[in-house]
Amino acid sequence: MNGVADLHFYFDPVCPFAWMTSRWVRLVQAQRDYAVDWRFISLRLVNAAVDYDAQFPPDYEAGHTAGLRLLRVAARTREEHGREAVGRLYEALGQRIFDSPPDPDDSAARRGTRAFVAPVLAAVGLPVTLADALDDASLDTVVQAETDEALALTGRDVGTPIIHVQPPAGVAFFGPVISRLPSEADAVRLWDHVVGLASFPGFAELKRSLRELPQLRGLGVEPDEVGVQEDWHGGSRRQRT
């Protein structure tokens with residue numbers, strides 16, 4: 001990527017809503033010729049002080065930890081192969097995790113392993129040796145810095161993704177959280193509505209906690225199906241306490 005990006009998109013690769021939003025943003029990107037810088041926000045680091053056993057469903061800690069390990073690989077990828085390579089890697093990870101049929105041998109924890117990530121790296125023409133970064137905790141400094149950067153734009157009571165439009169001075173917001181991928185025409189209309197609303201001075205929040213399970217094959221929902229609706233608490237599937 002050359003020059004200043006039109007959008008900063010902060011993602012955690014294990015978040016299904018971030019993945020769905022990223023697919024929408026890619027539709028907009030293609031029609032508006034936007035340059036997108038794919039940046040990092042770790043749900044594991046955001047929830048570092050949270051008691052997972054008490055506040056989250058089973059496997060969330062393992063899943064969020066896998067996301068952090070994958071972000072280490074993304075950070076090493078950016079360091080050695082540039083920012084555009086991060087976008088390719090994220091796209092391949094998302095397709096493997098969310099757009100493929102459910103794999104009975106897959107698990108939240110396995111997504112943070114060499115066996116999972118090495119074939120994904122190879123598929124996008126990146127060295128499989130980048131998988132060494134899975135265990136390199138020194139890269140957490142980079143991931144933490146961008147997580148802090150993202151939360152400084154929106155406040156801390158948010159999840160993923162966070163989008164920053166026309167940085168550094170433009171508007172930033174969490175989401176939007178969508179469960180269905182719009183058509184190309186609707187993608188641009190939705191984009192203009194979201195950015196227009198978020199750009200209004202003094203605008204803070206528009207929210208409902210009811211969410212459909214996203215239309216992602218990895219979650220068992222086909223593109224023509226409507227996912228089961230759940231009532232989320234505190235921007236995540238935290239248990240009410």
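Only heavy atoms go into these numbers, but all of them, side chains included; no hydrogens, no water, no symmetry mates.
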Open item on the list: F17: which residues meet the ring-ring contact (aromatic ring centres under 6.0 Å, His included) condition with it, sequence neighbours left out?
Closed with: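 For F17 the ring-ring contact (aromatic ring centres under 6.0 Å, His included) partners, ignoring immediate neighbours, are W232.
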- [ ] Would you please name every residue forming a ring-ring contact (aromatic ring centres under 6.0 Å, His included) with F9, sequence neighbours left out?
- [x]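 Counting only residues at least two positions away or on another chain, F9 forms a ring-ring contact (aromatic ring centres under 6.0 Å, His included) with W38.
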Task: E212: side-chain hydrogen bond (donor to acceptor under 3.5 Å, both in side chains) partners, not counting sequence neighbours - done: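 For E212 the side-chain hydrogen bond (donor to acceptor under 3.5 Å, both in side chains) partners, ignoring immediate neighbours, are R180.
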With sequence neighbours excluded, tell me which residues meet side chain to side chain contact (heavy atoms under 4.5 Å, CB included) with [X].
| X | value |
| --- | --- |
| L153 | Y10, H164, A172 |
| D59 | A108 |
| V165 | L7, I163, V171, F173, W191, V195 |
| E205 | K207 |

Extract all donor-acceptor atom pairs below 3.5 Å that involve side chains of residues 122-138 and protein atoms in other chains or at least two apart in sequence.
{"residue": "D132", "atom": "OD1", "partner": "R114", "partner atom": "NH2", "Å": "2.3"}
{"residue": "D135", "atom": "OD1", "partner": "R69", "partner atom": "NH1", "Å": "2.9"}
{"residue": "D135", "atom": "OD1", "partner": "R69", "partner atom": "NH2", "Å": "3.0"}
{"residue": "D136", "atom": "OD1", "partner": "S138", "partner atom": "N", "Å": "3.1"}
{"residue": "D136", "atom": "OD1", "partner": "S138", "partner atom": "OG", "Å": "2.5"}
{"residue": "D136", "atom": "OD2", "partner": "R76", "partner atom": "NH2", "Å": "2.5"}
{"residue": "D136", "atom": "OD2", "partner": "S138", "partner atom": "OG", "Å": "3.4"}

TODO: With F11 as reference, evaluate I162, L71, T160 under the side-chain contact (heavy atoms from CB on, under 4.5 Å) test and give the passing residue.
DONE: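 The residue from I162, L71, T160 that satisfies side-chain contact (heavy atoms from CB on, under 4.5 Å) with F11 turns out to be L71.
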Task: H8 backbone acceptor or donor facing D37 side chain under 3.5 Å - done: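 No; zero donor-acceptor contacts below 3.5 Å.
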Open item on the list: When you measure from the side chain of T21 to the backbone of P176, do you find a donor-acceptor pair of N or O atoms at a distance under 3.5 Å?
Closed with: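 Checked: pair present.
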What's the shortest heavy-atom distance between [X] and [Y], and which atoms?
| X | Y | result |
| --- | --- | --- |
| P214 | L219 | CD-CD1, 3.8 Å |
| H64 | R44 | O-CB, 3.4 Å |
| R96 | F116 | CG-CZ, 3.5 Å |
| I41 | T147 | CA-OG1, 3.4 Å |

Do [X] and [Y] touch side chain to side chain, with heavy atoms closer than 4.5 Å?
| X | Y | result |
| --- | --- | --- |
| E230 | R211 | no |
| R111 | V120 | no |
| W19 | E91 | yes |

Got a sec, which residues hit salt bridge (charged side-chain N to carboxylate O under 4.0 Å, His left out) with [X], two or more places apart in sequence or on another chain?
| X | result |
| --- | --- |
| R88 | none |
| E222 | R217 |
| E225 | none |

- [ ] Step through the shown structure and confirm whether more than 12 heavy atoms of other residues, nucleotides or ligands are within 6.0 Å of CG on D51.
- [x]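 Result for CG/D51: enclosed.
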TODO: Please indicate whether E184 has more than 12 foreign heavy atoms, meaning atoms of other residues, nucleotides or ligands, lying under 6.0 Å from its CD.
DONE: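 Check fails, neighbour count at 12 or below.
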Open item on the list: Through direct or indirect side-chain contacts below 4.5 angstrom among Ile, Leu, Val, Met, Phe, Trp and Tyr, which residues connect to F203?
Closed with: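 Members alongside F203: L197, F200, L206.
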